[in-house]
Amino acid sequence: MERAFWFSGSGDGELRPVTLPPVGDGEVLVRTLCSGVSRGTETLVFRGEVPASQRTAMRAPFQEGDFPGPVKYGYLNVGVVERGPENLVGQVVFCLYPHQTRYVVPASAVTPVPHGVPPERAILAGTIETAVNAVWDAAPKLGDRIAVVGAGMVGSSVAKLLSGFPATRVQLIDVDPERAKVAEALGVDFSAPEDALGDCDLVVHASASEAGLARSLELLAPEGEVIELSWYGDRRISVPLGENFHSRRLTIRCSQVGMVSPARRLNRSYADRLAIALEILADPTFEVLVNGECRFHELPDVLPRLAANEPGTLCLRVTYQRENTR
């Protein structure tokens, strides 16, 4: 008997028993090594704040139950294939699967993790995939002046990727001064919002706050663009479209990982994008984004603290070694 974590949709969760189906042709049985809690999205699910209009779009690939809950939800899972096609047995794989000790999925749903990427870091693949899509959407140009507002998992990842473009000025901005340590580890300049460099050609907003979006617009040069990455759930926010918005011909454009960016949709698939993300994770500096850990059986106690905005946590890694031997 296996176990899975279910969100109640009203601010708590529980571990439930799972009976696995037989492994059929073209399927794999995966034993989970670790999973990651995507703090922004999963805390919205935990609190039952997924808007009714977005419940279909927000479904995870192997979700069970319906929003607001109870629902089995999650999409950062790394495990080892125990049964299935010969070329996959024994391989460490990434899958968009919820928090569960073992599971059966089509072989096409798993992506082998490159040998140079440890499983503990590979849980970030979904986050890096979101960042890759955002960079495709942002389409930075040589010499651009760029700010990333919000130094969470996604914002920090975007800043790291953008800093690799030649002759660009990239600054990561956050209200939490402790995030300066994350920026330093990633090799990116850091600033508090009030001290940030302006006259930006491009600002990527990932703070999920009204104040962060307003500051993003303030940082733009004339005809600059904000790429909006934040997900607000069912919250309504105000956008300052007065003052300089029209006179400076500013733009706000969204980026969303549910579809491959139009800039690459003709020649890149979802599988291609995920493979790129896993390749990027060979860089050990991304390990700084995983700064919390718990065991699988501790999730019902740990997630309420995470949903209450426990300070400092970026990605929470969930480990399963002992769970899979019980």
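Just so you know, these numbers come straight off a predicted model, no measurement behind them. Note that these values count all heavy atoms, side chains included, but never hydrogens, waters or copies made by symmetry.
The two residues A208 and S230 make their nearest non-hydrogen contact at N-OG, 2.8 Å. The minimum heavy-atom distance between L162 and T168, with the atom names listed, is O-OG1, 3.6 Å.
The side-chain contact (heavy atoms from CB on, under 4.5 Å) test with V170 singles out one residue from L161, V188, L202, D189, and that residue is V188.
Here the side chain of D201 pairs no donor or acceptor atom with the backbone of G224 at under 3.5 angstrom. Checking side-chain atoms of T101 against main-chain N and O of R3 turns up a donor-acceptor pair under 3.5 Å. No donor-acceptor pair under 3.5 Å is formed between the side chain of E184 and the backbone N or O of A180. For the pair E279 (side chain) and I276 (backbone), a donor-acceptor distance under 3.5 Å is absent. A side-chain donor-acceptor contact under 3.5 Å links R121 to the backbone of L281. Between the side chain of E287 and the main chain of P284, no donor-acceptor pair closer than 3.5 Å is present. In this structure, the side chain of N77 engages the main chain of P98 through a donor-acceptor pair within 3.5 Å. In this structure, S255 contributes its side chain and I227 its backbone to no donor-acceptor pair below 3.5 Å. A donor-acceptor pair under 3.5 Å is absent between the side-chain atoms of Q54 and the main chain of V50, judged by distance alone. Judged by distance alone, the side chain of R31 and the main-chain N or O of G79 form no donor-acceptor pair under 3.5 Å.
Considering only heavy atoms from C-beta on, Y320 comes within 4.5 Å of S35 through its side chain. Using a 4.5 Å heavy-atom cutoff, the side chains of D174 and V149 are not in contact. Counting heavy atoms from C-beta on, the side chains of R169 and L197 come closer than 4.5 Å. Side-chain contact between E223 and L250 is absent, with no heavy-atom pair separated by less than 4.5 Å.
Tracing side-chain contacts under 4.5 Å through hydrophobic residues (I, L, V, M, F, W, Y), one never reaches F5 starting from V30; they form parts of separate clusters. Under the 4.5 Å side-chain contact rule for hydrophobic residues, V104 and V78 do not share a cluster. Taken together through direct or relayed side-chain contacts under 4.5 Å among Ile, Leu, Val, Met, Phe, Trp and Tyr, F286 and V158 form part of one hydrophobic cluster. Both I280 and I123 belong to a common hydrophobic cluster when Ile, Leu, Val, Met, Phe, Trp and Tyr are linked at side-chain heavy-atom distances under 4.5 angstrom. Linking ILVMFWY residues whenever their side-chain heavy atoms come closer than 4.5 Å, directly or via other members, places I128 and V92 in the same cluster.
Checked by atom type, the side-chain pair S191/D195 shows no donor-acceptor distance below 3.5 Å. Residues T130 and N133 have side chains that never bring a donor and an acceptor to within less than 3.5 angstrom of each other. Looking at S261 and D137, their side chains do bring a donor and an acceptor atom within 3.5 Å of each other. No side-chain donor-acceptor contact under 3.5 Å links T32 and Y103.
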- Item | side chain to side chain contact (heavy atoms under 4.5 Å, CB included) assessment of K72 paired with F62 | CA-CA 8 Å; K72 185 174 79 174; F62 295 100; over 6 Å; no
- Mind running side chain to side chain contact (heavy atoms under 4.5 Å, CB included) on Y75 and Q63 for me, showing each step along the way? CA-CA 9 Å; Y75 46 82; Q63 175 179 323; over 6 Å; no
- Message: side chain to side chain contact (heavy atoms under 4.5 Å, CB included) for E178 and K181? Distances and angles first, verdict last.
- Response: CA-CA 6 Å; E178 288 297 310; K181 298 175 184 176; 2.9 Å; yes
